[in-house]
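Letters A, B, ... mirror the listed sequences (proteins, then strands); counts begin at 1.
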Amino acid sequence: MRREEVVLGGGPFLPASACYISEQMAKNHSSAAEAAYPEDDRPLSQRAMGRPAAASYLEGLNPEQRDAVETLDGPLLVLAGAGTGKTRVLTTRISHILNLGKARPGEILAVTFTNKAAREMKGRIGSMIGGAVEGMPWLGTFHAIGVKILRRHAEAVDLKPSFTVLDVDDQIRLLKQLLAAENIDEKRWPARMLAGLIDSWKNRGITPKRVPEGESFAFGNGKGQALYAAYQKRLKELNVVDFGDLLMENLRLFQEQPDVLAQYQQRFRYMLVDEYQDTNVAQYLWLRLLAQENPNICCVGDDDQSIYGWRGAEVDNILRFEQDFPGAKVIRLERNYRSTGHILGAASGLIAHNEGRLGKTLHTEDQSGDKVALQGCWDDEEEARVIGEDIEQLQRKGHALNEIAILVRASFQMRAFEERFLNLGLPYRVIGGPRFYERQEIRDAIAYLAVTLNPSNDIKFERIVNVPRRGLGDSSVKAVHQLARARGVPLTQAARMIVETEELTARARKSLAGLIGSFDRWRGMIDSMKHTDLAELILDESGYTAMWQNEKSPQAHTRLDNLKELIRFMDEFDTLAGFMEHVTLVMDREAEETEDRVNLMTLHSAKGLEFDSVFLPGWEEGLCPHQRSLDESGRSGLEEERRLGHVGLTRARVRAKITFAQNRRTHGTWQSAIPSRFIDELPVDHVDVVEDTGYGGYGASRFDTVETVFASGFYETPGWQRAQRNRPDTGSPQRRREPLTIEGTLVAASTAEGSGFSTGTRVFHQKFGYGRIAVVDGNKLTVDFEKAGRKKVVDSFVERS
DNA sequence: ATCTCTGTGATTTTT
DNA sequence: TCACAGAGAT
């Protein structure tokens with residue numbers, strides 16, 4: 001994720017001796033190498049040096065794992081259940097391919113979903129083959145690899161090689177502008193919704209032209225498709241791509257340029273895919289294209305752990321693998337090395353209720369250990385109290401808090417636990433939540449750096465043009481915008497032009513000129529200054545650091561710390577450009593946690609992790625099979641929720657406890673809840689019911705209150721009142737009051753070179769009124785206005801009167 | 001520009 | 001209930 005990813009192509013990747021053999025084998029690798037294996041086919045030099053025999057790393061594997069590692073040719077699906085050594089198989093397989101000399105590191109494509117997984121694989125392979133990780137240039141996330149390929153062929157998809165990746169914030173900002181331009185009421189049709197829709201299209205590999213007619217109506221009364229097209233056009237103008245494009249444009253590239261596709265098909269002798277159950281349609285199509293020529297594709301995944309359907313993952317991809325890749329071999333990894341027999345039994349029993357699955361039966365030799373505990377509680381507070389007590393007891397027995405996790409379905413559940421733990425003085429940490437890169441101050445800082453590097457990055461420029469406040473409010477920005485659009489130039493360039501005139505107030509003009517000047521100055525220092533020093537200088541000189549120093553809010557200090565952390569992070573890269581290249585894609589830095597704390601997170605973020613003790617609160621109908629999931633996706637939704645439960649249980653090594661609350665406060669009102677259907681699906685032999693002794697007596701009376709509050713409160717809810725009020729209002733979306741003639745002038749001005757104006761012409765200006773042109777200087781006019789006096793203006797802001 | 005008020009909606013999250 | 005975003009007021 002750091003420097004090594006910037007390295008393109010395959011550099012030296014193995015010790016010299018190994019490199020030699022790889023070269024040789026790669027040339028005529030097919031039959032000879034296969035026949036030779038498993039005999040010791042290392043070069044004499046290596047054998048003489050006493051290096052471990054080729055197969056030594058295979059020894060610790062169980063038969064299925066070994067089969068998965070050694071079945072190198074043809075399509076292979078490895079169904080790897082939870083805790084069955086999936087990562088080990090992947091990394092050993094890569095090492096094996098390299099060791100046999102069947103491919104060079106640069107000829108292996110290995111894709112993961114997260115940076116974390118990619119990093120882990122790099123690390124493990126590095127320690128297996130001897131540290132030289134640079135040799136795996138094509139090991140990374142789908143997105144990172146997508147960027148790498150796109151950079152090399154940017155022109156083929158109407159981009160410049162210097163394109164940047166748009167983050168979600170900027171994406172929304174851009175969509176909002178489009179909606180405003182189209183006069184769409186953002187209240188009714190929020191930009192986020194459109195973003196989600198576009199994302200879902202991109203997930204499925206659907207271009208604007210191919211949007212199904214019905215789906216276009218999912219936004220703005222049928223404007224969905226047109227807006228998607230407009231958005232794509234705008235992205236190209238700005239030379240940016242969004243996350244979805246990283247794959248979409250790759251697909252387009254491969255489809256439109258067969259020679260480019262062929263180049264990669266030949267390059268990748270072996271392909272490996274991690275977490276295949278999480279791939280979306282676009283990723284699947286991408287892999288299919290690459291594997292057409294050379295079917296050595298190995299997908300590792302677990303259909304029972306597919307929990308990202310709602311963001312485009314297609315479980316179907318893994319279910320259909322054998323049809324998609326004819327002649328595919330399927331290997332099941334069912335030996336679990338993580339959990340006790342009871343935990344595994346409970347998890348297996350639960351997931352067995354799903355119909356759409358390939359079917360695996362996890363087993364373990366470990367038959368010791370406790371059954372899964374089950375306890376009902378009165379409400380969420382009691383649930384937190386019970387779990388808090390359990391944890392304190394574990395702590396007293398000497399268990400590390402780091403080995404304890406509470407996995408919730410939805411983040412609002414965390415609150416009760418946090419309150420309780422603060423009360424008890426029990427240290428905890430929340431995993432997930434807002435990420436470093438998503439913090440406002442980090443994004444602002446990055447915006448400054450981005451504009452310094454590339455002055456035509458309009459989106460970033462807009463973000464910080466008035467941050468910190470420098471008197472460039474809406475009206476000033478709008479004027480710059482208008483000019484930029486009329487001329488078809490970036491905002492910074494429009495700003496340069498406008499400060500030569502008197503369109504803006506003297507104060508705004510001075511401020512804007514200062515900002516532009518600063519950016520020019522900073523840009524001039526890129527080559528002569530260390531990038532981290534430059535970043536610091538920019539943040540200081542722009543007044544950004546001062547802005548937070550002057551703020552008295554308690555978070556201001558953290559923000560300044562984060563900025564320092566950003567600079568420290570930058571230091572891991574050689575140049576500013578190198579840092580910026582990776583900033584959008586990889587900023588998942590979490591400070592290494594050393595303290596002993598209980599882990600609190602959602603079930604989703606627990607995937608891939610494991611703990612000695614796991615608590616699973618909130619197993620209630622409507623929450624653990626989440627109501628929304630049921631409403632929106634019916635049976636498949638229910639099955640995904642069940643997989644979520646399965647993922648939760650299989651995180652536990654030695655103990656797991658499921659709890660549910662009979663009453664839960666949601667949106668302010670108390671609701672009585674019934675235990676999740678999943679609870680009754682657990683095999684009784686693996687479960688111990690803990691009697692709930694925590695409440696007595698007052699339950700019924702409280703319940704009465706619940707009903708009264710609910711019944712009487714309804715007609716006072718804001719929602720109802722809103723509905724009443726809005727009834728007669730037939731809704732008249734505000735029309736933007738902009739004379740059409742202005743538009744006409746704008747179009748004319750943008751097409752004509754130079755101004756079509758001459759001295760003496762009577763003109764009209766929105767702000768200054770009527771006047772007569774005194775001087776024409778290219779696009780700049782000096783006009784004697786009847787009321788405002790002599791002003792310098794840009795020609796596109798006036799019209800003939 | 002900075003605040004206060006009002007309306008709104010409320011799973012899950014990576015890149 | 002409560003947090004947050006956007007509009008409107010000062």
Among [options], the one nearest [X] by side-chain distance:
X       : options                   : value
R628(A) : dT13(B), dA10(B), dT12(B) : dA10(B)
S605(A) : dT11(B), dT13(B), dT14(B) : dT13(B)
R469(A) : dT13(B), dT15(B), dA1(B)  : dA1(B)
R311(A) : dT12(B), dT15(B), dT14(B) : dT14(B)
E438(A) : dT13(B), dT15(B), dT11(B) : dT15(B)
L585(A) : dA7(C), dT15(B), dT11(B)  : dT15(B)
T141(A) : dT13(B), dT15(B), dT12(B) : dT15(B)

Quote, to the nearest angstrom, the P distance that separates dT14(B) from dA3(C).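 It works out to 23 Å between them.
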Respond yes when some side-chain nitrogen or oxygen of [X] is under 4.0 Å from OP1 or OP2 of [N], and no when none is.
X       : N       : result
T602(A) : dT13(B) : yes
R435(A) : dT13(B) : no
N115(A) : dT14(B) : no
K176(A) : dA5(C)  : no

Atom-to-atom span, [atom1] of [X] to [atom2] of [N] - whole angstrom:
X       : N       : atom1 : atom2 : result
E640(A) : dT11(B) : CD    : P     : 16 Å
L630(A) : dT11(B) : CG    : C1'   : 12 Å
H667(A) : dT11(B) : NE2   : P     : 6 Å
R664(A) : dT1(C)  : CZ    : P     : 18 Å
I172(A) : dG6(C)  : CD1   : P     : 11 Å
N280(A) : dT15(B) : CG    : P     : 14 Å

Do we see a donor-acceptor contact under 3.5 Å between the side chains of [X] and [Y]?
X       : Y       : value
Y308(A) : E640(A) : no
E462(A) : Q177(A) : yes
S629(A) : E641(A) : yes
Y544(A) : D444(A) : yes
S672(A) : N663(A) : no

Hey, does [X] reach any base, or is it just sugar-phosphate, or nothing, if we go heavy atoms under 4.0 Å?
X       : answer
K607(A) : nothing
T666(A) : nothing
S411(A) : sugar-phosphate
V165(A) : nothing
F243(A) : base
R192(A) : nothing
R665(A) : nothing
E186(A) : nothing
Q171(A) : nothing

Six-ring centre of Y437(A), R435(A) cation under 6.0 angstrom, axis tolerance 45°: no
Between R151(A) and E581(A), is the salt bridge (charged side-chain N to carboxylate O under 4.0 Å, His left out) condition met? List the steps. CA-CA 11 Å; R151(A) 282 241 190 269; E581(A) 162 75 7; 2.5 Å; yes
